[in-house]
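This is a predicted model, so every value here is computed, not measured.
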Amino acid sequence: MSEVSTESFITLLAMIGIVIIIAALLSGLIERTGFPQVAVFLVLGAVLGPFGLGVLNIGLDSPILRIVAPLSLVMVLFTDAISLNLNEIRRAGVLTLLVLGPGTLLSAALIALAAWGLLGLPLAAAVLLGAALSSTDPVLLRGLLRRRDIPATARTALSLESSLNDVVLLPIVIVTMTFLQQGHSPSGSDWGHLILDLFVLGPGAGILVGVCAVATLDVVRRHLTVRRDYESLFSLGIAFTAYAAAEAVHGSGFLAAFAAGLTISSLDVELCDCFTEYGETTTEMALLLTFVIFGSSLIWSGIEHITPILVLFAIIALLVRPVAFTVSLSRIRLSRYEKILTAWFGPRGLSSLLLIMLPVFANIPGSTQLFSICSLVVLFSVVVHGGSPFILSRRPPRRKRQIPQGTSPLEEEEATPAVATAPPPAVVPNEPTGTYHGSLITLQPPNRNRNPKKEEAPQFQTADPIRITLDELRQLWHTKARIILLDARKERSYSKSDKQAKGSLRVVPDETIVEQIRELDIPKETWIVAYCT
């Protein structure tokens, strides 16, 4: 691989800056309209590429691509793993198995069959292409999963699939690459080395790095302090270290990154939450940068070599998923709308392109053709799946949630908290004393009109004006002020706990939290106090 020139380095820095600026400026518009974010950055790449301004021309042999693409795949796999809620997987065990087993694998098999029959590809190449095109894109799905009109079961199925299917499909890609490289079936010793590299050395290195990193962080937390935003950077450091460690022992660095993320997900909930707060944005910016690189010229190669047979194959590749998932989900009880959403939304995007780049980087014969075919399907998917939310979205009538009346969060009486999402297995009403080690945060101070008949609310003197302590909350309650206590813990922390403050309302701490609060129909002069860990 040639060295990165000064001009290439300046171009890369310019792209990073442009991606961050445009992503920030258009974030609100994209959120409101539902326009596919990926399409914006593909178009941006086309504008910068040789067909536009000509300031960016990245080919398959570009050193920038050979650095950015593997790092992007590492970040995709690590983010998928660290974002997993293991409690949710256990609760939805049957759904997870159906989505990843018959759903994902049957889709890959049907696409491979179409590639073998229609395009005349060798069987190993067809299987590789089927595996790559069965991978769903986490960036394209993220906007859909944030919508509150998506049913919970469909949201869970799509979320689990996008987080787990890459680790199912990646071994298939690597095994078929071995067949294509050797031109014949591997020998027994070759299979032994392959299994050792894929399922022992790679995951083992990831688990080892993850365990050591979490243990070290725990020691530092007990004796010093670590800022939450730096904990997210710490997580990214674990991902890259796990990849390097596995590659050093000839294991799969990509599976090591996934194993490291899964280790953190199971051992350190707080670190996962920190990564969700800060690290996911960094990862998303990196993935959007990769879309710009692909959009400059690479992804349009699918259009350059377009034929009626390729168009037919692209249509079939998009339509086999609904067939596979309808069959797979037929044994569980889902509404018709949930089945349609789960079966239809399987956008192909960056994950498919990154997987198909692996044989390209390995210089496997015919891999350039596979990349062109994959690019055409991805372009079709961005248009079709990106515009589908406008057609399939269904916003149910908004219902006002009930606010517990006459219940103090500091009393010992029994109270049943109203929740906006599925409650944990056991909700124990409890006074919010030492149970929670986080802060109580006031989201909305009241309009303090002086009323001589009421005791005036206390003036809090805190270092941070938006935070109050439990003692200050007690003072506020004794003034007979109207208070609503919100349980705003992260979903992972909430699902692992069997306790909840008495009389509190559950809200999901995401982009829609303001909309959730509006549904409460809260009277004026109400204190809204949220607690989290």
Side-chain angles (χ1 to χ4, degrees), residues 70-93 95-97 99-101 104 135-136 138 141-142 145 156-174 195-218 231-247 249 251-280 282-283 287 351 354-355 490-493 495-496:
L71 288 180
S72 296
L73 185 55
V74 168
M75 296 176 78
V76 166
L77 292 167
F78 180 77
T79 303
D80 287 345
I82 200 173
S83 302
L84 283 173
N85 188 331
L86 299 182
N87 288 330
E88 185 178 53
I89 293 177
R90 282 191 286 267
R91 289 197 299 267
L95 181 61
T96 304
L97 292 176
V99 165
L100 294 178
T104 297
S135 176
T136 54
L141 267 178
R142 192 165 295 144
L145 296 179
T156 300
L158 291 171
S159 176
L160 291 175
E161 182 200 1
S162 64
S163 297
L164 290 169
N165 66 357
D166 283 338
V167 77
V168 174
L169 298 168
L170 179 60
I172 299 176
V173 171
I174 295 176
I195 293 173
L196 179 67
D197 294 344
L198 276 178
F199 303 110
V200 179
L201 296 179
I207 293 172
L208 179 63
V209 171
V211 170
C212 293
V214 169
T216 303
L217 180 63
D218 186 56
E231 285 195 17
S232 67
L233 296 178
F234 181 79
S235 302
L236 290 175
I238 295 174
F240 298 141
T241 303
Y243 173 83
E247 292 293 327
V249 295
S252 172
F254 300 114
L255 290 179
F258 185 88
L262 196 62
T263 301
I264 297 173
S265 179
S266 61
L267 296 180
D268 197 324
V269 172
E270 183 181 344
L271 185 56
C272 294
D273 289 343
C274 291
F275 181 81
T276 303
E277 290 177 13
Y278 302 101
E280 274 193 348
T282 304
T283 301
L287 300 184
S351 296
L354 294 175
L355 288 175
K490 292 286 185 181
E491 185 62 30
R492 195 190 306 263
S493 301
S495 63
K496 278 199 168 185

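The CG atom of D166 sits 9.5 Å away from the CD atom of E161 when rounded to the nearest 0.5 Å. In this structure, L233 CG and I238 CD1 are separated by 11.5 Å, a value rounded to the nearest 0.5 Å. Within the model, atoms CD1 of I264 and CG of L84 stand 12.0 Å from one another, a figure rounded to the nearest 0.5 Å. For the atom pair CD1 of I89 and OG1 of T156, the computed distance is 11.0 Å after rounding to the nearest 0.5 Å. Rounded to the nearest 0.5 angstrom, N165 CG and L170 CG are separated by 11.0 Å. The line from OG1 of T241 to CG of L236 is 10.5 Å long, rounded to the nearest 0.5 Å.
S162 places a side-chain N or O within donor-acceptor distance of the main-chain N or O of S159, the cut-off being under 3.5 Å. The backbone N or O of G253 lies less than 3.5 Å from a partner atom in the side chain of E247, making a donor-acceptor pair. Not a single donor-acceptor pair under 3.5 Å links the side chain of S265 to the backbone N or O of G261. The backbone N or O of R90 sits nowhere less than 3.5 Å from a side-chain atom of T96 that would complete a donor-acceptor pair. S135 contributes no side-chain N or O that, together with a main-chain N or O of S351, makes up a donor-acceptor pair within less than 3.5 Å. Not a single donor-acceptor pair under 3.5 Å links the side chain of S83 to the backbone N or O of D80.
Side-chain contact check for L287 versus T79: every heavy-atom pair is 4.5 Å or farther apart. Side-chain contact between F199 and S252 is absent, with no heavy atoms from C-beta onward closer than 4.5 Å. Using a 4.5 Å heavy-atom threshold, the side chains of V214 and T263 count as separate. Residues V200 and I195 form no side-chain contact, since every pair of their non-hydrogen atoms from C-beta on lies 4.5 Å or further apart. Here the side chains of S235 and F78 are in contact, with some heavy-atom distance below 4.5 Å. Residues F258 and L164 meet the side-chain proximity criterion, which asks for heavy atoms closer than 4.5 Å.
The two residues P203 and A259 have their closest heavy-atom pair at O-CB, 3.6 Å. Across every non-hydrogen atom of G202 and A246, the tightest pair is CA-CB, 4.0 Å.
Ring-centre distance between F254 and Y243: below the 6.0 Å cut-off.
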Please assess L158 against T136 for the test side chain to side chain contact (heavy atoms under 4.5 Å, CB included), listing each intermediate value before the final yes or no. CA-CA 9 Å; L158 291 171; T136 54; over 6 Å; no
